[in-house]
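Values below: all heavy atoms of this structure, side chains included; hydrogens, waters and symmetry mates excluded.
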Amino acid sequence: QFIQADAASRRGLIQALEVLMSSVDIMAHAQKMTDAINCLREQGHHTHAVILMHVAIDQFAWSSITNEKSEPKDFQNWVNDYMISKNPIGCTAEELWASRNGLIHMGTAESAAHASGKVKNKIYYTVGNAGIVKNDITDVIFVNAEDLLMSFITGLLWFIEDLKKDPDSLKNTNSKLNRMLTYTNL
């Protein structure tokens with residue numbers, strides 16, 4: 001037997017399915033990024049894994065805004081909203097942004113924000129079970145790369161949950177993610 005549904009019920013069901021499929025697309029993109037990050041980590045390329053984490057955060061922060069061009073505050077807002085507020089990692093969003101700039105642009109822990117005094121602390125990343133016994137450097141903090149990755153993954157889950165509640169933002173995010181470069185087997 002078939003169950004007859006009114007037009008409003010059908011629309012509601014279609015909208016629910018669209019949200020589900022859209023969130024699956026976002027998860028697929030996130031999975032590709034985390035797979036690439038883990039591939040680098042497993043081969044001992046920890047610095048490059050951290051760089052790619054910053055790129056991934058950048059991409060999701062950009063996908064969360066309606067503007068075409070993102071700004072530092074967009075990265076920092078995404079980090080605050082979805083990572084640090086729910087899963088603190090021992091640094092601020094501003095420090096993470098400065099770290100991102102130093103690593104991506106120069107391969108160092110220092111960025112223009114440190115040189116200008118806008119951001120005091122540089123981030124040094126640790127991996128595995130490395131522990132800091134003593135830190136005499138007053139402008140350096142340590143962040144475990146695995147903790148950063150877990151905070152990012154958890155942040156993605158929070159981000160997707162928020163998108164499910166806001167169809168316009170979900171559509172915007174999917175539209176931007178669909179524009180990102182991908183490859184196709186021919």
Side-chain angles (χ1 to χ4, degrees), residues 13-91 93 96-97 99-101 103-105 107 123 125-130 143-186:
L13 180 58
I14 289 169
Q15 287 174 340
L17 286 171
E18 286 173 349
V19 167
L20 178 63
M21 293 310 295
S22 293
S23 61
V24 167
D25 291 343
I26 295 167
M27 284 303 296
H29 181 77
Q31 183 68 47
K32 286 180 185 178
M33 289 299 279
T34 55
D35 285 351
I37 292 164
N38 281 325
C39 180
L40 290 168
R41 287 178 54 239
E42 289 166 3
Q43 294 300 314
H45 305 292
H46 300 288
T47 302
H48 294 92
V50 170
I51 290 170
L52 189 54
M53 275 187 261
H54 289 300
V55 170
I57 295 166
D58 251 340
Q59 289 180 355
F60 281 100
W62 171 71
S63 80
S64 73
I65 62 169
T66 55
N67 294 341
E68 277 302 305
K69 183 171 177 4
S70 63
E71 299 181 14
K73 68 176 176 61
D74 300 315
F75 177 99
Q76 294 167 15
N77 288 343
W78 199 93
V79 167
N80 277 326
D81 291 347
Y82 298 109
M83 292 174 62
I84 293 176
S85 66
K86 298 175 181 358
N87 192 10
I89 54 173
C91 67
L96 199 59
W97 173 256
S99 171
R100 168 230 180 262
N101 290 339
L103 283 171
I104 290 175
H105 298 294
I123 297 176
Y125 293 94
T126 62
V127 294
N129 295 325
V143 172
N144 183 278
E146 285 84 9
D147 291 345
L148 176 63
L149 178 60
M150 291 311 300
S151 184
F152 170 64
I153 291 169
T154 304
L156 282 171
L157 297 174
W158 286 109
F159 177 56
I160 290 168
E161 286 305 309
D162 278 356
L163 289 175
K164 287 179 183 178
K165 299 172 197 167
D166 184 349
D168 290 335
S169 293
L170 180 63
K171 184 176 179 181
N172 177 68
T173 294
N174 266 316
S175 173
K176 287 185 171 185
L177 291 178
N178 286 332
R179 291 170 39 202
M180 291 185 186
L181 296 176
T182 60
Y183 71 93
T184 303
N185 292 328
L186 299 175

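- Scanning all heavy atoms of the two residues, the minimum distance from S63 to K176 falls at CA-CD, 3.7 Å.
- In this structure, the side chains of Y125 and S99 come closer than 4.5 Å at one or more pairs of heavy atoms.
- Partner of Y82 under the ring pair (Phe, Tyr, Trp, His ring centres under 6.0 Å) criterion, out of F75, F159, F152, F60: F159 alone.
- No donor-acceptor pair under 3.5 Å is formed between the side chain of S175 and the backbone N or O of K171.
- Using a 4.5 Å heavy-atom cutoff, the side chains of M83 and L148 are in contact.
- Put simply, CG on D81 and OG on S85 are 6.0 Å apart, with the number rounded to the nearest 0.5 Å.
- Here the CD1-CG distance, from I26 to L163, works out to 5.0 Å after rounding to the nearest 0.5 Å.
- Within 6.0 Å of the NE2 atom in H46, the count of heavy atoms belonging to other residues, nucleotides or ligands exceeds 12.
- Counting heavy atoms from C-beta outward, S70 and I65 have side chains that approach closer than 4.5 Å.
- Considering all non-hydrogen atoms of both residues, I84 and A93 come closest at CD1-N, 3.4 Å.
- Note: T154 OG1 to N87 CG = 5.0 Å, rounded to the nearest 0.5 Å.
- Contact between V127 and E146 at its shortest, heavy atoms only, is CA-OE1, 3.5 Å.
- Nearest approach of A49 to R41, heavy atoms of both residues: CB-CG, 3.5 Å.
- A 4.5 Å side-chain heavy-atom check between L177 and M180 finds at least one atom pair inside the cut-off.
- Between M53 and A145, the closest heavy-atom pair is CE-O, 3.6 Å.
- Surrounding CG of N129 are at most 12 heavy atoms belonging to other residues, nucleotides or ligands under 6.0 Å away.
- Side-chain contact between E68 and W62 is present, with at least one heavy-atom pair separated by less than 4.5 Å.
- Checking each of L96, L103, V50, I89 against I123 for a side chain to side chain contact (heavy atoms under 4.5 Å, CB included) leaves exactly one that passes, namely L96.
- Atom CH2 of W97 is separated from atom CD1 of I57 by 11.0 Å, given to the nearest 0.5 angstrom.
- L156 contributes atom CG, which lies 10.5 Å from atom CD of Q31 (distance to the nearest 0.5 angstrom).
- Remark: D168 CG to N172 CG distance equals 9.0 Å, nearest 0.5 Å.
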